[in-house]
Student: 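Below are the C-alpha cells for one structure; questions will follow.
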Amino acid sequence: MKWRHSLGYKAVLGIGLVELTMLAVMLWSIFQFIETSFSGEIDRHARSIVEVFAAVASDDVVARNVPALRQYAEQIASTPGTAFVRITDYQGVLLAQAGDSQALLQPFRSWQPGEALPDVFMTRQDIGRAGLDFGVIEVGLDLTGQNAALLELRHKSLMLGLIEMTLAAFISLLLGHFVVTRIARMVSRVRGMTAAGESIDPISGDELNTLEAELERLEQMLQWQRRQQRERIHQLETINGHCQRKLASQNPSILQSHGG
C-alpha cells in the first residue's frame, strides 16, 4: 500500500491542516488580546505617573527650582519599574534628570498603538500656565521584564499548541487505521466474491477508491450474470417452443386430445 495515497494518510494530513489553521488563528487572537490589553494598561499607567508628577512639580518648573526638581526626579526614578525621569524647560534646556544612564541616552520616542512594546516605554507631559509653555516632563518605564514574560508566554503557548497538534495527529492516525482496516476487510470480501479463483492483488492507493472500484466490478459482474441468465431463459424458451411444434407436427392427435 502506498502510504501517501492511503486514506489514513489523507485523514492525518487533513486533520493536521485543520488543527494548524485553528491553532494559528487561536494563538494570534490570544496574543493580540494580551498585547492590546497589556499595551493599553502600560500606556494608562505611564500617563497617570507623568500627569501626577507634572501636577506636583509644575510650580517648581515655572519657578525653575532646580534642587526641588532634582529631588522629585530622583524620587520618581527610584520607584520600581521606572527607567528614567527627565525635566526640561520650554527651550529644551535640561533642568533635572535621574534614572538609568543607558535609558537617559536614548532619544525620546512616543509609543504608538499597534507597535511592539519597547524595553523603555516613554511618555511626556507639557507644563503650561495661561497658554504659555514652561517645560516638559518625560518619564520612561522599564518593560524589560514584562517583554521577557510575554516572549516566554508565546513560546509556552506554541509548545502547547505543537503538543496538541501531535496528540490530534496521533488520535487521527489511530482512527484512520481503524477505518482503513475495516474498509480493507470489506474490499477483501468483495474481491473474494468477484475473483472467481483469480489471484487477488494487494490493496494499493486510496482504500475508498479501491472499494468503490471493487463494488463497481461486482455490479458489472452481476449485470453480466443477469444478461447471461436472460439469454439462457430466452434460449430455453425458444428450444421449448421448437420442441412443442415438432411434437405437434409428428402427433396431431396429441394436440386434439389436449384441445378436447
Side-chain angles (χ1 to χ4, degrees), residues 23-162:
L23 176 65
V25 173
M26 181 183 67
L27 291 179
W28 181 83
S29 301
I30 292 175
F31 291 153
Q32 283 293 110
F33 175 76
I34 293 175
E35 291 181 0
T36 302
S37 302
F38 183 69
S39 300
E41 185 62 28
I42 291 295
D43 187 43
R44 287 189 295 270
H45 179 61
R47 290 186 180 277
S48 64
I49 291 176
V50 75
E51 288 173 359
V52 171
F53 186 26
V56 172
S58 60
D59 292 338
D60 292 316
V61 172
V62 174
R64 298 179 66 86
N65 187 351
V66 175
L69 293 176
R70 288 177 180 174
Q71 184 179 2
Y72 287 144
E74 291 174 358
Q75 290 177 353
I76 297 298
S78 63
T79 58
T82 303
F84 73 88
V85 175
R86 182 188 295 118
I87 306 171
T88 59
D89 64 6
Y90 67 96
Q91 292 179 333
V93 177
L94 181 64
L95 298 178
Q97 65 178 10
D100 183 73
S101 58
Q102 296 296 326
L104 287 168
L105 293 176
Q106 298 181 21
F108 181 86
R109 184 178 183 277
S110 297
W111 174 81
Q112 301 297 327
E115 295 179 348
L117 287 174
D119 289 337
V120 179
F121 187 93
M122 301 181 185
T123 186
R124 62 190 296 171
Q125 178 69 33
D126 295 330
I127 297 177
R129 295 281 181 82
L132 299 176
D133 293 330
F134 288 92
V136 177
I137 295 179
E138 298 175 356
V139 175
L141 301 182
D142 184 8
L143 301 183
T144 305
Q146 289 86 339
N147 285 336
L150 286 176
L151 183 61
E152 184 179 1
L153 177 62
R154 290 192 186 96
H155 289 165
K156 289 183 177 179
S157 299
L158 289 175
M159 289 300 298
L160 290 175
L162 291 176

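Not measured: the values here are computed from a predicted model.
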Student: Output the distance between atom CG (Asp89) and atom CD1 (Ile127), rounded to the nearest 0.5 Å.
Tutor: 11.0 Å
Student: When Glu138 is tested against each of Gln97, Gln125, Arg86 for side chain to side chain donor-acceptor pair (under 3.5 Å), which residue passes?
Tutor: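 Testing Glu138 for a side chain to side chain donor-acceptor pair (under 3.5 Å) against Gln97, Gln125, Arg86 leaves exactly one candidate, Arg86.
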Student: When you measure from the side chain of Ser78 to the backbone of Gln75, do you find a donor-acceptor pair of N or O atoms at a distance under 3.5 Å?
Tutor: yes
Student: Once you round to the nearest 0.5 Å, how far does CZ of Phe53 lie from CD1 of Ile137?
Tutor: 5.0 Å
Student: Apply side chain to side chain contact (heavy atoms under 4.5 Å, CB included) to Val50 and Met122, showing your working.
Tutor: CA-CA 10 Å; Val50 75; Met122 301 181 185; over 6 Å; no
Student: Check whether any side-chain N or O of Asn147 sits under 3.5 Å from a backbone N or O of Pro118 as a donor-acceptor pair, and report yes or no.
Tutor: yes
Student: Taking the side chain as everything from C-beta on, heavy atoms only, tell me whether Arg64 gets closer than 4.5 Å to Phe134.
Tutor: no
Student: Do the charged groups of Arg70 and Glu74 touch, with an N to O distance under 4.0 Å?
Tutor: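 So Arg70 does not pair with Glu74 through a salt bridge.
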Student: If you count the non-hydrogen atoms of other residues, nucleotides and ligands that lie under 6.0 Å from OH in Tyr90, is the total more than 12?
Tutor: no
Student: Shortest non-hydrogen contact from Ser110 to Phe108?
Tutor: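 Smallest heavy-atom distance, with atoms named: OG-CE2, 3.1 Å.
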Student: For the residue pair Ile42 and Leu143, establish whether any side-chain heavy-atom pair is separated by less than 4.5 Å.
Tutor: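 SC-SC contact between Ile42 and Leu143 confirmed.
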Student: What residue among Asp119, Val120, Ile49 forms side chain to side chain contact (heavy atoms under 4.5 Å, CB included) with Leu141?
Tutor: Ile49
Student: Determine whether Gln146 and Leu117 satisfy the following criterion, side chain to side chain contact (heavy atoms under 4.5 Å, CB included), listing intermediate values before the conclusion.
Tutor: CA-CA 9 Å; Gln146 289 86 339; Leu117 287 174; over 6 Å; no
Student: Mind running side chain to side chain contact (heavy atoms under 4.5 Å, CB included) on Leu153 and Ile34 for me, showing each step along the way?
Tutor: CA-CA 10 Å; Leu153 177 62; Ile34 293 175; 3.5 Å; yes
Student: Roughly how far, to the nearest 0.5 Å, is the CG atom of Leu95 from the CG atom of Leu69?
Tutor: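 So the CG of Leu69 and the CG of Leu95 are separated by 6.0 Å.
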Student: Angle between ring planes, Phe121 versus Trp111, binned at 30° and 60°: parallel, tilted or perpendicular?
Tutor: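 The rings of Phe121 and Trp111 sit tilted, inter-plane angle from 30° to 60°.
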Student: Atom CZ in Arg44, atom OG1 in Thr123: separation rounded to 0.5 Å?
Tutor: 13.0 Å
